[in-house]
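Quick notes on the structure that follows.
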Amino acid sequence: MDKLVITGGPRLCGEVAISGAKNAALPILCACLLSAEPLMLSNVPDLNDIGTMLKLLAQMGVQVERQGNQVTLDASGLHSPLAPYELVKTMRASILVLGPLLARCGEARVSLPGGCAIGARPVDQHIKGLLAMGADVGVDHGYVVARFAGGKLKGARLFTDMVTVTGTENLMMAACLAEGDTVIENAAREPEVVDLAQCLVSMGAQISGAGTDVIRIRGVERLHAASHRIMPDRIETGTFLCAAAATGGDVRLTGTSTAYLDVVIDKLMDAGCEIVGARSRSLESIHLIAPARLKAVSIRTSPYPAFPTDMQAQFMAINAVAEGTAIIRETIFENRFMHAVELQRLGADIKIDGNTAVMKGVDRLQGATVMATDLRASASLVIAGLVAEGETHIERIYHLDRGYDHIEAKLTTLGAAIRREKA
Ligand code: UD1
């Protein structure tokens, strides 16, 4: 297995382009299943989860053409509404094919994603919603098996027990071809849900309220060809901002914007960073200038628009070397502090009590061998490695490759001393 070797020390300086959002691209790729006409996408990031999703769609009969960051999908020849364990087990987001497959084909067989390093992550809310729309859904030999009799799913009033991003997306896609009106209450308000809704609307869907906690969908007969540009990745943006902040850097990120990042930007400013023109939502690039030493900042994760759980690990890395004490509360996932143990190996002072971490910044971290445990945990280890004394070796970086587009190349552009060693 490949590993990353980072020599800590250099300040990150310069300019780098942010890629399209993984968490928007994944559901939008699945949206192609709803139509027999092509879907043309641009700004699709080059990372392993996208490759896995394209493989999954191709084996169902979708024709996939990929040229750089452009992907064209044609599901006119869709023949097999099946998502097998071999592909689903590497990527939980594969569950996003369930709603569109069922709506278009009247049946779907999708492997249960199973456990996950960051918590149990069940899909009961996806299933509950589809049941309410008249589907017959059960679990058979590890697969969610869904079908319905008659021509169409039935529009319904849906309420999820908790805010679920992919749950909202799955149900919104299923409802596009249902008979009548569907209302999703307690819907996720994440920008990626809005990006998916915009793509679906350009395919002919009738959706209102995306971005609020009540989404209304009026079912239509069919969806048609469309093209859509994937929004910038706000988590990649936040990760590079944290890397720049931790190293005392001066970095401009292009192809992204301050929109959707209000709370992350506020916290970075609380930590002492200057973000040029931060208050303008229309900024087309973000310029961060870090102080010589950051101040510790406390965070509490919650659904959008509050602080994203996908940025928690990166803030743990910057607090590890900041001045003062910070409290980090994780409220979305029950087991998302695994990076803390690895950061401790680098010398971080962290005490964990349930879903709370109390951190006292230290003057310096020291390079060591650490292990990546999930996608964002890996990013936090990279940030810590960039400021640790000496060499940090990060093993199991396949997690990082799932969700970051050419991260070493981008960091190298900014002056980091980082290299990949092939196993
Ligand atoms: C998505 C993101 C992920 C992010 C997470 C929370 C994608 C591809 N992934 O994951 O990067 O960390 O949102 O912002 O967009 N839950 C249930 N039952 C369900 C569904 C969810 O109990 O049926 C629970 C989960 O275990 C978790 C919480 O609800 O505790 C939120 O999970 P959810 O928003 O569904 O996360 P994902 O959509 O899987």
Side-chain angles (χ1 to χ4, degrees), residues 1-8 12 19 22-23 26 45-52 89-93 113-119 121 233 235-243 246-247 301 308-321 328 330 332-348 350 352 357 359 365-412 416-423:
M1 269 181 274
D2 294 1
K3 68 172 176 178
L4 283 181
V5 181
I6 303 175
T7 307
L12 297 192
S19 301
K22 170 180 89 73
N23 286 355
L26 289 171
D46 181 11
L47 37 89
N48 285 354
D49 273 8
I50 298 296
T52 306
K89 73 174 181 200
T90 65
M91 187 183 60
R92 221 190 103 76
C116 165
I118 62 173
R121 299 179 87 175
D233 196 314
I235 305 301
E236 188 197 18
T237 305
T239 302
F240 275 86
L241 290 176
C242 284
T247 60
T301 66
T309 175
D310 285 351
M311 284 301 304
Q312 178 255 103
Q314 298 88 320
F315 268 72
M316 198 177 264
I318 66 173
N319 277 320
V321 288
I328 297 189
E330 171 58 56
I332 307 284
F333 292 112
E334 71 271 24
N335 186 23
R336 205 171 196 182
F337 278 153
M338 283 167 305
H339 43 281
V341 192
E342 301 299 311
L343 290 171
Q344 282 165 342
R345 292 176 52 69
L346 299 173
I350 310 171
I352 304 280
M359 306 191 61
L365 297 175
Q366 291 179 340
T369 298
V370 289
M371 202 176 289
T373 48
D374 69 60
L375 173 54
R376 307 305 171 185
S378 319
S380 78
L381 297 177
V382 170
I383 295 168
L386 291 171
V387 292
E389 262 176 14
E391 280 195 349
T392 296
H393 293 237
I394 307 178
E395 299 189 339
R396 297 201 181 168
I397 54 159
Y398 54 85
H399 292 292
L400 199 65
D401 293 336
R402 278 189 40 217
Y404 285 93
D405 190 344
H406 295 97
I407 190 165
E408 317 101 88
K410 290 188 184 186
L411 287 171
T412 303
I418 179 169
R419 65 176 194 275
R420 179 177 293 245
E421 282 188 1
K422 297 272 175 202

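Hydrogens, waters and symmetry mates are skipped; everything else that's a heavy atom, side chains included, is used.
Results of the side-chain contact (heavy atoms from CB on, under 4.5 Å) test with Y404 over L47, D233, I235 single out I235 as the only residue that passes.
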For F240 and I407: C-alpha separation, side-chain torsions, deciding distance, then whether side-chain contact (heavy atoms from CB on, under 4.5 Å) applies.
CA-CA 9 Å; F240 275 86; I407 190 165; 4.1 Å; yes
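With sequence neighbours left out, the side-chain contact (heavy atoms from CB on, under 4.5 Å) criterion links E391 to V5, T7, H393, R419. A search for side-chain hydrogen bond (donor to acceptor under 3.5 Å, both in side chains) contacts involving T247 returns nothing, not counting sequence neighbours. Every residue two or more places apart in sequence or in another chain that forms a side-chain contact (heavy atoms from CB on, under 4.5 Å) with H406 is listed here: D46, A409. For F315, the ring pair (Phe, Tyr, Trp, His ring centres under 6.0 Å) partners are F307, not counting sequence neighbours. Applying the side-chain contact (heavy atoms from CB on, under 4.5 Å) test to A388 and every residue at least two apart in sequence or in another chain returns L365, T392. Under the rule for a side-chain hydrogen bond (donor to acceptor under 3.5 Å, both in side chains), Q366 has no partner lying at least two apart in sequence or in another chain. T90 meets the side-chain contact (heavy atoms from CB on, under 4.5 Å) test with T52; sequence neighbours excluded. Shown here are the side-chain hydrogen bond (donor to acceptor under 3.5 Å, both in side chains) partners of Q344, two or more places apart in sequence or in another chain: there are none.
Screening residues 397-412 for salt bridge (charged side-chain N to carboxylate O under 4.0 Å, His left out), with sequence neighbours left out, gives D49-R402, E236-K410, D401-R420, E408-R420.
The shortest heavy-atom contact between C242 and I318 is O-CG2, 3.5 Å. Pairing each heavy atom of I352 with each of A357, the nearest pair is CD1-CB, 3.7 Å. Nearest heavy atoms, A368 versus L346: N-CD2, 3.5 Å. The two residues I350 and M359 come nearest to each other via the heavy atoms CG1-CE, 3.8 Å.
Contact of the E330 side chain with the T309 side chain is registered, since non-hydrogen atoms from C-beta on lie closer than 4.5 Å. Contact of the M311 side chain with the T239 side chain is registered, since non-hydrogen atoms from C-beta on lie closer than 4.5 Å. Residues T301 and F333 are not in side-chain contact: their nearest non-hydrogen atoms beyond the backbone lie 4.5 Å or more apart. Taking 4.5 Å as the limit, some side-chain heavy atom of L375 sits within range of a side-chain heavy atom of K22. With a 4.5 Å cut-off on side-chain heavy atoms, S378 and I394 do not count as touching. At a threshold of 4.5 Å between non-hydrogen side-chain atoms, the residues M371 and R345 do not count as touching.
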Exercise answer: donor-acceptor pairs, residues 379-387 side-chain atoms, under 3.5 Å, sequence neighbours excluded:
| from | atom 1 | to | atom 2 | distance (Å) |
| --- | --- | --- | --- | --- |
| S380 | OG | A377 | O | 2.8 |

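Summarising the geometry, atom CD belonging to Q312 is positioned 6.0 Å from atom CD1 belonging to I328; distances are rounded to the nearest 0.5 Å. M316 contributes atom CE, which lies 4.0 Å from atom NE2 of H339 (distance to the nearest 0.5 angstrom). One finds the CG atom of L4 at 9.5 Å from the CD atom of E421 (value rounded to the nearest 0.5 Å). In this structure, OG1 on T369 lies 10.0 Å from CD on E342, to the nearest 0.5 angstrom.
Side-chain N or O atoms of R396 include none that pairs as donor or acceptor with a backbone N or O of M1 at under 3.5 Å. A donor-acceptor pair is defined here as one N or O able to donate and one able to accept, closer than 3.5 Å; such a pair exists between the side chain of Q314 and the backbone of D310.
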